[in-house]
**Q** 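Handing you a structure now.
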Amino acid sequence: MLSLRVALGSRPEVLLRRLLVVAAAAGTGFLLLAVLGHALAHPADAPDGLVRLLWCAAPFAATVHLSVLVARTEPSGRLHAGLAAAGLGRHGLPLLAAASSALNCGLGVLIALLGFLFLRGDLPGPHLAGVAEALGADRELPFAGALTLSATLPLTAAVAAAVVLRPRRSGREEPAGNEGRTPPGLPWGVALVAIGLAVQISSAGDAGAPGPGGTLPLPGGLGHVAPAVVGGWLLTATGMVLAMPGLVHLCGRLLASYRPGALRLLAGRALQEEAALVGRPLGALCAVAATALAGTDRLGAAAHPVGPLTALGAFLVVLSAVATALTATVDAKRARRPATAALTRLGAPAALLRNAAAVRALAVLGVVLPLTLLIARLGTLPLP
């Protein structure tokens, strides 16, 4: 109830973030239920159903990531006093974030369940020809299994939000860039990217092997791929997420070095401070972009139409990655407001602040875009 009251009293931009989480959760929940419907329609094809469920992990993880970031970036400073007065203390914020994530994702999967039941013909109304049969309408739906499958997303989002926002022992968090140090994770991220690309290139001979033996079928009937290539993709994406905060911090250090003027110094220091906030969401977006470019190259060569569920899964991943990056950017701008107000009081012109923001964006794009294109190009080498 407290989470619902907080949601109803939120500002419009906060409600928009919550609606994005609800929409992503609805799409992901429908994908999970569609796998169940396919299993009901094809009971003899259990391995194919397991592979379909495995490919749902990407939109599932993207939705959980978006939900956790929205719960983390919502304005909560005003809530501490109220939570303390209610007896929740310092442990109240993680509980509230977990309840908020569960509420958002729960509403989304409820919409997905209603849509799934409607398309199957379990609810009254007009139905699309052929869709009900594809969702196993001729077989009885195990409601316990459907509810259990739908509940995995809200529960996972709630646990992840509670873990991310758990109280630290020191009682405070320090941004990684205040002491001029590169955020941890850059060496490990670079190593994982290198290992992932090496695994993909070394699996070139098995990536397009015909038939199911020793290969993993791609969603939507787009062919087969070696499991090692999928593992290489995962390692590369994880490495990009880990390395991006360090890369953003290094961009800021380069901008602020070698006798900088006021513009470069302001832009560089701001990038160093924002690296911990925007780094990993930006890395996730770059990983999705690199995978999309590599996948587009493969689909263009295969000349195979993409199925509706495959397109929905890809859209959910892209939507979640873009929304996560934009949410982190807005949160970084909000965290920069006290410094911006102080500079304005000191007489800094508004043009200087706008130019500093433009320099920050150009510096990051100048590093991120070539890196993303290079990784995407290297990722297509083992594919036919």
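Because the structure is predicted, anything quoted here is derived from the model rather than measured. By convention here, the first residue in the shown sequence is residue 1.
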**Q** Any non-hydrogen side-chain atom of T372 less than 4.5 Å from a side-chain atom of L285?
**A** no

**Q** Roughly how far apart are L309 CG and F30 CZ, rounded to 0.5 Å?
**A** 6.5 Å

**Q** If hydrophobic clusters are built by linking Ile, Leu, Val, Met, Phe, Trp and Tyr wherever their side-chain heavy atoms come under 4.5 Å apart, do L371 and V364 end up in the same one?
**A** yes

**Q** Indicate yes or no for a side-chain donor-acceptor contact from N104 to the backbone of S100 under 3.5 Å, with no hydrogens or angles considered.
**A** yes

**Q** Determine, step by step, whether L141 and L117 satisfy the side chain to side chain contact (heavy atoms under 4.5 Å, CB included) criterion, reporting the C-alpha distance in whole Å, the side-chain angles of both residues, the deciding distance to 0.1 Å, and the verdict.
**A** CA-CA 9 Å; L141 177 68; L117 293 177; 3.5 Å; yes

**Q** With a 4.5 Å cut-off on side-chain heavy atoms, are L20 and V70 touching?
**A** no

**Q** Please answer whether the main-chain N or O of S257 pairs with a side-chain N or O of R264 as donor and acceptor at a distance below 3.5 Å.
**A** yes

**Q** Any heavy-atom pair between the side chains of L113 and L147 that's under 4.5 Å?
**A** yes

**Q** First locate atom CG of L66, then atom CZ of R17, and finally report the distance between them rounded to the nearest 0.5 Å.
**A** 10.5 Å

**Q** Are V317 and L153 co-members of a hydrophobic cluster defined by side-chain heavy atoms under 4.5 Å apart?
**A** no

**Q** Would you say that L40 contacts P142 through its side chain, given a criterion of any heavy-atom pair below 4.5 Å between the two side chains?
**A** yes

**Q** Given side chains that start at C-beta, do those of L316 and L31 come closer than 4.5 Å, heavy atoms only?
**A** yes

**Q** What I'd like to find out is whether the side chain of L266 reaches to under 4.5 Å of the side chain of L343, using heavy atoms alone.
**A** yes

**Q** Do L271 and L352 sit in the same hydrophobic cluster, where Ile, Leu, Val, Met, Phe, Trp and Tyr count as joined when their side-chain heavy atoms come under 4.5 Å apart?
**A** yes

**Q** Kindly say whether T63 contributes a backbone atom to a donor-acceptor pair with the side chain of S67 at under 3.5 angstrom?
**A** no

**Q** Taking the side chain as every heavy atom from C-beta outward, state whether L186 and V190 have any atom pair closer than 4.5 Å.
**A** yes

**Q** Distance check, rounded to the nearest 0.5 Å: L365 atom CG versus R360 atom CZ?
**A** 12.5 Å

**Q** What I'd like to find out is whether the side chain of Q272 reaches to under 4.5 Å of the side chain of V248, using heavy atoms alone.
**A** no

**Q** Assigning hydrophobic clusters by single linkage (Ile, Leu, Val, Met, Phe, Trp, Tyr; side-chain heavy-atom cutoff under 4.5 Å), is V35 placed with V64?
**A** yes

**Q** Answer yes if L53 and L155 sit in the same cluster of Ile, Leu, Val, Met, Phe, Trp and Tyr residues linked by side chain heavy atoms under 4.5 Å apart, and no otherwise.
**A** no

**Q** Check the pair F116 / L32 against side chain to side chain contact (heavy atoms under 4.5 Å, CB included), numbers first and verdict last.
**A** CA-CA 10 Å; F116 176 74; L32 294 174; over 6 Å; no

**Q** Kindly compute the distance separating CZ (R120) from CZ (R139), expressed to the nearest 0.5 Å.
**A** 11.0 Å

**Q** Take M244 and V368 through the test side chain to side chain contact (heavy atoms under 4.5 Å, CB included) and record every step on the way to the result.
**A** CA-CA 9 Å; M244 195 56 66; V368 167; 3.9 Å; yes

**Q** If you round to the nearest 0.5 Å, how far is CD1 of I375 from OG1 of T291?
**A** 9.5 Å

